[in-house]
Structures are given as structure tokens and as C-alpha cells.
Amino acid sequence: MAMSGAVDLGGLKERAEAERAQAQRAQSQTAAQPGQTPAPAGQPPAAGAGAVLDVTEETFEAEVLNRSMQQLVVIDLWAEWCGPCKQLSPVLERLAGESGGRWVLAKVDVDANPRIAQAFRVQSIPMVVAIVQGQPVTAFNGVRSEAEITQWIDDIFAQVGDVLPGVPDGPAPEPEPEDPRLLAAEAKLNDGDFDGALADYRAIAEAEPENLEAASAARNLEFILRAQAHDPAIVETASPRDVDAQLAAADVLLLSQQPEAAFDRIIDVVRVTAGEERTRARTRLLELFELFDPAEQFVVSARRKLASALY
């Protein structure tokens, strides 16, 4: 998944600048301790040394953005509760340690550093992002094998390695071709063949779960087609205990750019129902959450309300 230009890391940089003076003082104190020799500023670490870093919002600028001007930085976005993360992280750590300083792994706990997760628009973890010269260039979600990760790293160096100091210049990379399947789906969408476009997006997403572009397009198109099929009057006429009617009303409200009202409708259904009806309402609400950045305040607020309604 190409990401260049899609993510703005400026906010994280500004936040880190406020901590820079304190961090520099701490580094100076550490360097002054007996038996420790600081690495030269701006240079990648020696092979195996500092190949894996625990990064926070305060250290993000120095350890990721600044370091990526010299060296490829691979970010591992994880959480303690995430089972797949515990499968992927050891593989990444081992490969980073064996890379000979070719690249460094920056581990980010998304629960402890929500602004970093927000900046990368994290929807699921594990998520792995490659940073070159301060910009994300590609990413993937989910668990991958050691061979797949190695190939992914090699592909990055083949495309952008010539801009990193210490990496030999190579021929200019070929521009990455656009996925013809996505182009075909987009053409159907533009021609008004919405069902055909949706079928194409679903097929790509099912075949390639890591293809976030196809999955996002399918989710959005599914919602739009469903919401447009409802009578807008359902917002006023839906009975409070009619689950189907309330879900339809929520769709109409969301389509009209009223997410808080839409979410509240479904949360009210969760409060007054039980069993299969409550499960249906909860499932629909979680599906609607996926249409938005999880860090959006109205999504965060609705998740809290849902938890309260359930428990």
C-alpha cells in the first residue's frame, strides 16, 4: 500500500519539539556516564546496535522523522492485547537486528501513543509503516512471513534506497503501476455501474485482506447504496423498538452528515433490546465506526456510550 502524501506527520513533529530541550539534556547526561560512548549525531547505529527502538510521541521526531533522513525506519504499530502483534513483532525485531544497520525498527504502542495511531489513520493492528526522509512510503496490515517481510524491505530499497546516505545509487525506479483491478472498479463506478464496482472491490478485498484501498472502497460503497435505498422519512416515522427502522434511520442521518445523531439512534436500540436484536444493532454500529478515523471525537464518544449501554 503506497502512502506518500496520504499522512501528515507535522503535528507529531510539533509536539516533539516541545520536548526536544529536555531530551537533549537527558542524552547529554547519559553520554557523560562512565563506560558509554554516544553514537555520532545523524549516523545510523552499528549493526545490531539500537536496531529496535521503543518510540513515544515525545521521541517520534528524533527517533523516526530525523533518523529517516539517514536510514530506513520501519514502524511497528502494536498493542499488548493484540495476539497477531505478538506473532509479527519478534520477526521484525530479529530481521532489524540482522540488517547490519540497513534499517531500524521503531515500535509504537498505540494505546500509550494515540496521536501516532491517529496520524497514521490506524484501523487495525498490527500495522507496519516504512518511513523514508520523513514521509511514509508504504505499509501493510496483519501478520506476514519472514520471507514476505524481507521481500517488502528489499522492494523499498529498490525504489527509494538511492536517497538514503550510505546506500549505493541505483537506476531510477520504475513508477509503480496502478492496480488494473482498482482502475476497472473505478471505471464501473464512474459509469454508474455501482453493483459491478462493489462486486469488484469486494473480490479484491477478500482475495487480499491487506488491500486497505479496496476494503475501504467496498465499505463506503456498501453504506452509500444501502442508505440511498431508504426513505428519508424513516427518520421521523421509525418506532423506537423497530430495529430495522432504526438502523435505516441511522443510515439516513449518517448520509446527511449527522454521525452523532446516527450513532445515538443505534445506541438507543442497544439499550432497549436484548439477544439477537441487540447483537444486530451493535454489529451495525461497529461497521459504521469503520467508515471513520477511529480517533474522531464523535467516534470515541460513541464507543464510550456503546460500552455504557452494553454493560
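Counting begins at 1 with the first residue of the sequence. Values reported hereafter were calculated over all heavy atoms of this structure, with side chains retained and with hydrogens, waters and symmetry mates removed.
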Do the side chains of Val108 and Asp54 get nearer than 4.5 Å, heavy atoms only? no
Taking all heavy atoms of Ala205 and all of Ala214, pick out the closest pair and write down the distance. N-CB, 4.1 Å
If you measure from CG on Leu291 to CD on Glu296, what distance do you get to the nearest 0.5 Å? 12.0 Å
What residues, two or more places apart in sequence or in another chain, satisfy ring pair (Phe, Tyr, Trp, His ring centres under 6.0 Å) together with Phe289? Phe263
Rounded to the nearest 0.5 Å, what separates atom CD in Glu80 from atom NZ in Lys86? 4.5 Å
Side-chain donor/acceptor pairs under 3.5 Å, residues 297-311, sequence neighbours excluded:
from: Lys305; atom 1: NZ; to: Asp264; atom 2: OD1; distance (Å): 3.1

Starting from the C-alpha separation in whole Å, work towards a yes-or-no answer on side-chain contact (heavy atoms from CB on, under 4.5 Å) for Leu77 and Asp109. CA-CA 6 Å; Leu77 295 142; Asp109 181 340; over 6 Å; no
Assess the residue pair Leu285 and Ile267 against the criterion (side-chain contact (heavy atoms from CB on, under 4.5 Å)); give the C-alpha distance rounded to whole Å, side-chain angles, the decisive distance to 0.1 Å, and a yes or no. CA-CA 8 Å; Leu285 184 57; Ile267 292 168; 3.7 Å; yes
Is there a side-chain contact between Ile125 and Val110 (heavy atoms, below 4.5 Å)? yes
Does Glu146 have any side chain to side chain contact (heavy atoms under 4.5 Å, CB included) partners at least two apart in sequence or in another chain, and if so, which? Val91, Arg94, Leu95, Thr150
Would you find a donor on one side and an acceptor on the other, under 3.5 Å apart, between the side chain of Asn113 and the backbone of Glu57? yes
Which pair of heavy atoms, one from Gln118 and one from Asp293, lies closest together, and at what distance? O-OD2, 3.9 Å
Pair listing, disulfide bond (SG atoms under 2.5 Å apart) test, anchored in residues 281-311, at least two apart: none
With Thr138 as partner, the option from Ile156, Val160, Ile131, Val129 fulfilling side chain to side chain contact (heavy atoms under 4.5 Å, CB included) is Ile156
Mind checking whether Arg102 and Leu72 have side chains closer than 4.5 Å, heavy atoms only? no
Contact list for residues 69-78, test salt bridge (Lys or Arg N to Asp or Glu O under 4.0 Å), sequence neighbours left out: Asp76-Lys107
Please check: side-chain N/O of Glu277 versus main-chain N/O of Ala274, any donor-acceptor pairing under 3.5 Å? no
Shared ILVMFWY cluster between Val252 and Leu288, side chains joined below 4.5 angstrom? no
Kindly indicate, with the supporting measurements, whether the criterion side-chain contact (heavy atoms from CB on, under 4.5 Å) is fulfilled by Leu88 and Trp78. CA-CA 9 Å; Leu88 179 65; Trp78 67 283; over 6 Å; no
Would you say Ser124 and Asn141 are linked by a side-chain donor-acceptor pair, where the criterion is simply a distance under 3.5 Å? yes
Can you list the residues that meet the salt bridge (Lys or Arg N to Asp or Glu O under 4.0 Å) rule with Asp244, with sequence neighbours excluded? Arg280
Could you tell me which residues satisfy side chain to side chain contact (heavy atoms under 4.5 Å, CB included) with Ala261, sequence neighbours excluded, listed by chain and number? Leu253, Gln258
When you look at Arg181 and Glu208, which way does the salt bridge (Lys or Arg N to Asp or Glu O under 4.0 Å) test go after all the steps? CA-CA 12 Å; Arg181 300 168 302 170; Glu208 301 174 6; 2.9 Å; yes
Of all heavy-atom pairs linking Ile149 and Arg144, the shortest is CD1-O, 3.7 Å
Would you say that Ser68 contacts Val132 through its side chain, given a criterion of any heavy-atom pair below 4.5 Å between the two side chains? no
Disulfide bond (SG atoms under 2.5 Å apart) contacts touching residues 61-153 (sequence neighbours left out): Cys82-Cys85
Please list, one pair per line, the donor and acceptor atoms closer than 3.5 Å that link side chains of residues 220-240 to other protein atoms, with sequence neighbours excluded.
from: Asn220; atom 1: ND2; to: Ser216; atom 2: O; distance (Å): 2.7
from: Asn220; atom 1: ND2; to: Ser216; atom 2: OG; distance (Å): 3.3
from: Glu222; atom 1: OE2; to: Arg202; atom 2: NE; distance (Å): 2.7
from: Glu222; atom 1: OE2; to: Arg202; atom 2: NH2; distance (Å): 3.1
from: Arg226; atom 1: NE; to: Asp251; atom 2: OD2; distance (Å): 2.6
from: Arg226; atom 1: NH2; to: Asp251; atom 2: OD1; distance (Å): 3.1
from: His230; atom 1: NE2; to: Arg226; atom 2: O; distance (Å): 3.4
from: His230; atom 1: NE2; to: Asp251; atom 2: OD2; distance (Å): 3.1
from: Asp231; atom 1: OD1; to: Ala233; atom 2: N; distance (Å): 3.0
from: Thr237; atom 1: OG1; to: Ala233; atom 2: O; distance (Å): 3.3

Minimum heavy-atom distance Arg67-Val104, with the two atoms named: CD-CG1, 3.4 Å
Phe292, Leu247: one ILVMFWY side-chain cluster at the under-4.5 Å cut-off? yes
Side-chain contact, heavy-atom cut-off 4.5 Å: Gln246 with Asp268? no
Mark yes when over 12 heavy atoms from residues, nucleotides or ligands other than Arg282 sit less than 6.0 Å from its CZ; otherwise mark no. no
Between atom CD1 of Ile266 and atom CG of Leu254, what is the distance when rounded to the nearest 0.5 Å? 8.5 Å
Applying salt bridge (Lys or Arg N to Asp or Glu O under 4.0 Å), can you list everything that pairs with Glu290, at least two apart in sequence or on another chain? Arg219
For Arg265 and Ala250, the nearest pair of non-hydrogen atoms, with its separation, is CB-CB, 4.3 Å
Between Glu178 (side chain only) and Leu183 (backbone N and O only), is there a donor and an acceptor less than 3.5 Å apart? no
Under a 4.5 Å cut-off applied to non-hydrogen side-chain atoms, are Trp152 and Val74 in contact? yes
Can you list everything that forms a side chain to side chain contact (heavy atoms under 4.5 Å, CB included) with Ala187? Sequence neighbours excluded, please. none
Listed pairs under 3.5 Å, donor-acceptor, residues 188-198 side chains, sequence neighbours left out:
from: Lys188; atom 1: NZ; to: Asp200; atom 2: OD1; distance (Å): 3.4
from: Lys188; atom 1: NZ; to: Asp200; atom 2: OD2; distance (Å): 2.9
from: Asn190; atom 1: ND2; to: Glu186; atom 2: O; distance (Å): 3.3
from: Asp193; atom 1: OD1; to: Gly196; atom 2: N; distance (Å): 3.0

Evaluation steps, side-chain contact (heavy atoms from CB on, under 4.5 Å), between Val73 and Trp103: CA-CA 6 Å; Val73 178; Trp103 58 279; over 6 Å; no
Donor + acceptor pair across side chains of Asp155, Gln159 (<3.5 Å): no
